[in-house]
A.B. asks: 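One structure, pasted below without further comment.
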Protein chains: 2
Amino acid sequence: MAHAQLRPPTMADVAQLAGVSHQTVSRVLGDHPNVRDETRTKVLHAIKELGYRRNSSARALATRRTRTLGVVASNTTLFGPASTLFAIEEAARAEGYLVSTVSLRKLTVETLSEALDHLSEGGVEGVIAIAPQRSAVDALAELSSPFPVVVVGGGQPEGDIPSVSVDQHLGARLATSHLLAAGHRKVWHLSGPEDWQEAADRVVGWRATLEESGIEPPTLLHGDWSPLSGYRAGQELAGWVGRGLTAVFVANDQMALGVLRALREAGVRTPKDVAVVGFDDIPESEFFAPPLTTVRQDFSTVGKRSIALLLDLVEGRALSGAPRIAIEPQLVVRASTFPYAPQPEGVLN
Amino acid sequence: MAHAQLRPPTMADVAQLAGVSHQTVSRVLGDHPNVRDETRTKVLHAIKELGYRRNSSARALATRRTRTLGVVASNTTLFGPASTLFAIEEAARAEGYLVSTVSLRKLTVETLSEALDHLSEGGVEGVIAIAPQRSAVDALAELSSPFPVVVVGGGQPEGDIPSVSVDQHLGARLATSHLLAAGHRKVWHLSGPEDWQEAADRVVGWRATLEESGIEPPTLLHGDWSPLSGYRAGQELAGWVGRGLTAVFVANDQMALGVLRALREAGVRTPKDVAVVGFDDIPESEFFAPPLTTVRQDFSTVGKRSIALLLDLVEGRALSGAPRIAIEPQLVVRASTFPYAPQPEGVLN
DNA sequence: GACGTCATTGTGAGCGCTAACAATCCATGA
DNA sequence: TCATGGATTGTTAGCGCTCACAATGACGTC
């Protein structure tokens, strides 16, 4: 039974009640060997009796370890960042670390710098920055911090920042060659914002795949990831149907949703008239009209690998150079690229 | 220019370099009055020179304040929880607090208890639990913790836990009476999991609205929030078309997406044959086929209010009883309930 | 029976900061 | 001129914990 007290009990209180020294209490809590069972039991009893909890600040001060990691992210309501965040926290917790998050509306040098400051004030031992914009990665490179920083989701960045990301180039290849293999002569591309490294990498992969097949890449369209921007681009794309447009690779699923709607409203049938491929595999994609062929990014692996990498850095394990970890994406084929509609099955994550 | 050192510089180092006592350094950092400008300048110079950063653990130990709050959540990749989380972090940061998050796959007494322990080890001063399941709220009620806990998103819970949530009852009323006002004789309801307080509250609101109009509520269907479960329920609902079913109120947008698809596949037209209303207003709803009429929950306000409430508790401000804060939802009318399709406009958040 | 060895427990000194109080300086007015 | 008091700065004592080392006790060996 916990006793109500003004001051929470300290290790010394426990020690006194158990009739041992505070150091012995510390040993019991730290699972040290060389503590007699009888003593351990006495101490544990006293701990329970007082409702004692170790003071984390004192512990951190003495050990110089806070066991806290930081994450800086933006667009955390989007599926990708949210999934990554989730995996990061889960992996960190499994290693006994706490994760403090700063969610930014915009990633600029100023906001990033403030975020790192804020996390630093909180005593984090390392930070993962979910920074898909190239500008953010650049900003990070010039900001020096007293702890290690790992960049996630910034495609394959230049510079020497340790990073973890999905191989966007490969993803774009999968999407594009899938359409080519289905018999399309040309593949249009609706890209994300130019500043996003992922968007740029997907453009490169798309273009390379076409050129390797001796196909001249058609005009590139840009959106801002939102369904609305996809809708607008879709209206434009609809105008080219009948003039060679039969296949579109859209840089994310949300924009693909907008494209599908625009095409439908223009009387263009998917996939009969125009095939559409998305990117991300958000849980909804399977239920679009028609269900969307897309490229799945394994955000969970991204999260786990980035924590593993950050902990290598934090705990000072030897690493060769600035590690770059690339995760392979996967093509998921659904009805938006074939003229038949498979039934959905299985449970969504 | 920061000097590389083995040990990060301490306040004493700064004091020595500036030729003052460490206490004066502390005063400068703490923005105390009664420090001569000249002294302040000297100290600030020394701080910059050494690249000094205050040690948060030592500070926390001395002040007995960690300025860290915790959040326990589940389903953080869903729009609702993710939005709430974002608003919480932003509001907390504005007040100078750091936020540590624990994302759970399932909210049970065990996982919740472990999460609170983990956060407690991290020294949080208070916790917000995003706990939409009734069982989670109950678990929270029986778990005693050494810090204040605020529940978010659990509908209007019983018991005396401080809580913040959207008025689900009102939301369900808005949806249901909108359909009745449009001339429907009866309104079906696809609910969420029975264990979710929000789902239960929506059922109550739906049923009350019908009964007040002297309408006998039809059979209630249950899903699990996923598009897939909506799809399956939609197949069942399609079977009742022609037997009185003309309007469905679906408890979230994702399931509504599945319903729309099932209806479409069954040759049922929306909204001509069957009108559909969702709940949440996720960014994609506007681009469903057809665009979805839904009930918008202001998660941002939920986040802000919950931080304000938690800080009242943490900082010991007087509060009457166990505060219950209810936020009003809003109906957003789109094409799924009217036989015409307005163009999308404006920028999505 | 003295001694070395191992297991177990205790002691003392910080970790780097803030709070409370003490000391100093300087201008003011009697 | 000297007391008076506000502004400024310094001194000391913790905050609650872990680390390094010292002390104790039990046991077996020669």
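These values consider heavy atoms only, across backbone and side chains, with no hydrogens, waters or symmetry-generated copies. Just so it is clear, the structure is predicted and the values come from calculations on it, not from any experiment. First the proteins, then the strands, lettered A, B, ... as listed; each starts at 1.
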A.B. asks: Taking five pairs at each end, how big is the angle between the two axes of the helix from C/dG1-D/dC30 to C/dA30-D/dT1, to 10°?
C.D. replies: 60°
A.B. asks: Rounding to a whole Å, what distance do you find between B/Glu121:CD and D/dC17:C1'?
C.D. replies: 13 Å
A.B. asks: From B/Thr111 OG1 over to B/Leu104 CG, what is the distance, rounded to the nearest 0.5 angstrom?
C.D. replies: 4.0 Å
A.B. asks: Is there a side-chain contact between A/Ser145 and A/Ser120, using heavy atoms and a 4.5 Å cut-off?
C.D. replies: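 No - every pair of side-chain heavy atoms lies 4.5 Å or more apart.
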A.B. asks: Which residues in residues 29-46 of chain B have at least one heavy atom lying under 4.0 Å from any atom of DNA chain C?
C.D. replies: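 Those residues whose heavy atoms fall under 4.0 Å from DNA chain C, taken from residues 29-46 of chain B, amount to none.
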A.B. asks: Could you check if a side-chain atom of A/Val152 sits within less than 4.5 angstrom of a side-chain atom of A/Val71, using non-hydrogen atoms only?
C.D. replies: no
A.B. asks: Between B/Glu125 (side chain) and B/Arg67 (backbone), is there a donor-acceptor pair under 3.5 Å?
C.D. replies: yes
A.B. asks: Is there a side-chain contact between A/Leu313 and A/Phe147 (heavy atoms, below 4.5 Å)?
C.D. replies: no
A.B. asks: Say you draw a straight line from CG of A/Asn75 to CG of A/Leu107; how long is it, rounded to the nearest 0.5 Å?
C.D. replies: 7.5 Å
A.B. asks: Of B/Gln23 and A/His22, whose nearest nucleotide on DNA chain D comes first from the 5' end?
C.D. replies: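 Closest to the 5' end, via its nearest nucleotide, is B/Gln23.
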A.B. asks: For the side chain of A/Thr39 and the backbone of A/Val35, is there at least one donor-acceptor N/O pair under 3.5 Å apart?
C.D. replies: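 Judged by distance alone, no pair lies under 3.5 Å.
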A.B. asks: Could you list all the salt bridge (charged side-chain N to carboxylate O under 4.0 Å, His left out) pairs where at least one residue sits in residues 95-109 of chain A, not counting sequence neighbours?
C.D. replies: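 Salt bridge (charged side-chain N to carboxylate O under 4.0 Å, His left out) check on residues 95-109 of chain A returns A/Arg105-B/Glu90.
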A.B. asks: When you measure from every atom of DNA chain D, which of residues 53-63 of chain B have a heavy atom less than 4.0 Å away?
C.D. replies: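 Nucleic-acid contacts, sorted: B/Leu61, B/Ala62.
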A.B. asks: Using a heavy-atom cut-off of 4.0 Å across all strands, would you classify A/Thr10 as base, sugar-phosphate, or nothing?
C.D. replies: sugar-phosphate
A.B. asks: Nearest 0.5 Å, what's the CG-CD distance between A/Leu98 and A/Glu89?
C.D. replies: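 Going from the CG atom of A/Leu98 to the CD atom of A/Glu89 covers 8.0 Å.
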A.B. asks: Nearest 0.5 Å please: distance from the OG1 atom of A/Thr63 over to the CZ atom of A/Arg65.
C.D. replies: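 These two atoms lie 7.5 Å from each other.
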A.B. asks: Please identify the 5'-most and 3'-most nucleotides of DNA chain C with any atom under 4.0 angstrom from a heavy atom of chain B.
C.D. replies: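 That gives a stretch of C/dG16 to C/dA20.
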A.B. asks: Answer yes if the side chains of B/Ser100 and A/Ser100 hold a donor-acceptor pair under 3.5 Å, and no otherwise.
C.D. replies: yes
A.B. asks: Give a yes or no on whether the backbone of A/Ala115 and the side-chain of B/Arg93 come within a donor-acceptor separation of less than 3.5 Å.
C.D. replies: no
A.B. asks: Which part of the nucleic acid does B/Arg27 contact within heavy-atom distance under 4.0 Å: base, sugar-phosphate only, or nothing?
C.D. replies: base
A.B. asks: Give every residue pair that meets the salt bridge (charged side-chain N to carboxylate O under 4.0 Å, His left out) criterion with at least one member in residues 38-47 of chain A, sequence neighbours excluded.
C.D. replies: A/Arg36-A/Glu38
